[in-house]
Amino acid sequence: MTTTIFSAHGFEEEHLREANAGRHDLRLLNIKLDNHTAALAKGCEAVSLFVSDNASPDVLKVLHENGVKYLALRSAGFNHVDLAAAKELGFRVARVPAYSPYAVAEHTVALMLALNRKLIRAHNRVRELNFSLDGLTGFDMHGKTAGVIGTGKIGSAVVRILHGFGCRILAHDQYENEVLKTLSGVTYTDCSTLCKTSDIITLHVPLTPHTRYLIDRHSINSMKPGVMLINTSRGGLVDTKAVIDALKTRHVGYFGMDVYEEEEGLFFEDHSGDVLQDDVIARLMTFNNVLITSHQAFLTDTALKNIADTTIYNLDCFEKGAENENELFI
Ligand code: NAI
């Protein structure tokens, strides 16, 4: 089966080719799916999308007109696909529900530690032969209260790491995980209590109409002064401008983000020769207590292999007409 792989990045090509082992005719395109590029899938029954590809109703219409029937997402999240439009046009959509919650959880904790212990500043100083320690004081994670919003696959992995550090863990989720309560001493509470009482807050819920701007001006004002806020889930969970205002007053003491509400067209690309047009991220970059990575929390060898293996498995199932638990409309 011929499949167009949109947004095929160098870091995933080898994994995709290995997982495929010549079974499908993969057309790897290092370009994003949009209104103009969708027609490149002509002649393919399936396309594969990365998290930065925007499958809006217009784009889906062009894919449909060109004979595409199957969307194989190389991601767990699917907020970049208009599912209602996809369903109406008769597309089948499969995702990679879990590829390595540990990859994202470990990056989350890496952001916490790097911010807390000011590793970037320390590294830059040492490179300039400045071995002074003033301004580099951190805090013990042990004994601090960490608030984990969303205790699904990734949030649970974060909980287990933070439990190992000796943090007191508060959690908020629509479902309580009994194992986390028993083995990691997690106390579930409502979102506003969690925000008011945590020293560190980390987000692991999906982006839905219910969770958009879960962290807004109001919830930020209720947080402890100096709170550490980490977002490795989706940019739209956080009102970034409200965070900037709180960073200016030092109410937010640390902000780590791997995702950004306006990341489309910015993240995953080399803009080093461009003039930065986004004034919000430009302002964020001026704070020395903000650490930004460009949606790389998933980026480990293990995760890339699992994403490639499951994507090829999804294509196999579609080709054979087999049932597949990774499909969204089942
Ligand atoms: P999951 O589905 O296992 O867990 C999500 C949890 O959020 C569930 O326990 C669910 O009950 C809870 N939840 C959903 N809506 C809620 C609400 N309104 N209020 C309270 N709880 C709610 O998902 P997983 O695998 O843990 O991933 C979480 C998110 O991480 C994904 O949705 C995605 O946005 C993000 N992600 C980020 C990556 C990165 O590279 N930065 C890579 C992979 C995922």
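Whatever order the structure lists ligands and atoms in, that order sets their numbers, starting from 1. Note that the coordinates shown come from a computational prediction; the quantities given were computed from them, not determined experimentally.
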heavy-atom search around atom 6 (C) of ligand 1 in the protein gives Asp173 OD2, 3.6 Å
>> Under 4.0 Å between a side-chain nitrogen and a carboxylate oxygen: does that hold for Arg17 and Glu14?
In response: no
re atom 20 (C) of ligand 1, the protein heavy-atom contact at minimum distance is Gln174 N, 3.5 Å
Within the 4.0 Å heavy-atom cut-off, what Ala297 brings close to ligand 1 is both
Original post:
Would a line drawn from the ring center of Phe91 to the ring center of Phe329 be shorter than 6.0 Å?
Top reply: no
shortest atom 19 (N) of ligand 1-to-protein heavy-atom contact is with His172 NE2, 4.1 Å
Looking only at protein heavy atoms, what sits closest to atom 37 (C) of ligand 1 is Thr232 O, 3.2 Å
Take every heavy atom of Leu207, measure it against each atom of ligand 1, and state whether any distance is under 4.0 Å. no
| request: Assess the side chains of Asp58 and Ser56: does a donor N or O sit below 3.5 Å from an acceptor N or O? | output: no
The atoms of ligand 1 lying under 4.0 Å from a heavy atom of Tyr175, numbered in the order shown, are 11 (O)
Atom 18 (N) of ligand 1: closest protein heavy atom, distance to 0.1 Å, is Thr211 CG2, 3.4 Å
The protein heavy atom nearest to atom 43 (C) of ligand 1 is Tyr99 OH, 3.0 Å
Residues joined to Ile5 in its hydrophobic cluster, side chain to side chain under 4.5 Å directly or through other members, sorted by chain and number, are Met1, Leu16, Leu26, Leu28, Tyr70, Ile312, Leu315, Phe318
Exercise for the section: Determine whether the side chains of Asn231 and Ser233 contain a donor N or O and an acceptor N or O closer than 3.5 Å. Expected result: no
Using the ring of each side chain (for Trp, its six-membered ring), is His9 parallel, tilted or perpendicular to Phe11, with breaks at 30° and 60°?
parallel
Note: heavy atom closest to atom 24 (P) of ligand 1, options Asp258, Thr208, Ile154, belongs to Ile154
Contact region, His204 to ligand 1, non-hydrogen atoms below 4.0 Å, reads backbone
(Q) For the 3.5 Å polar cut-off, considering only N or O atoms, please tell me whether Phe298 and ligand 1 meet it. (A) yes
*Does one side chain, of Thr151 or Asn177, offer a donor that lies under 3.5 Å from an acceptor on the other?*
no
Closest heavy-atom approach to atom 22 (C) of ligand 1 among Val205, Val158, Thr293 is made by Val205
One finds that the ligand 1 atoms under 4.0 Å from a non-hydrogen atom of His295 are 39 (C), 40 (O), 41 (N)
for atom 23 (O) of ligand 1, nearest protein heavy atom and its distance come out as Lys153 NZ, 4.2 Å
Strictly by modelled atom types, are His204 and Thr202 linked by a side-chain donor-acceptor pair under 3.5 Å?
-> yes
Quiz item: Does the side chain of Tyr260 pick up a donor-acceptor pair with the side chain of Asp278 at under 3.5 Å?
Solution: yes
So salt bridge (Lys or Arg N to Asp or Glu O under 4.0 Å) across residues 204-225, not counting sequence neighbours, yields Asp199-Lys224, Arg217-Asp245
protein heavy-atom neighbour closest to atom 33 (C) of ligand 1 works out as Arg234 NH1, 3.6 Å
Inset, instruction - Mark the output for Gly77 as yes if a heavy-atom distance to ligand 1 is under 4.0 Å, and as no if none is. - result: no
*May I ask you to check whether Phe268 and His295 place their ring centers less than 6.0 Å from one another?*
yes
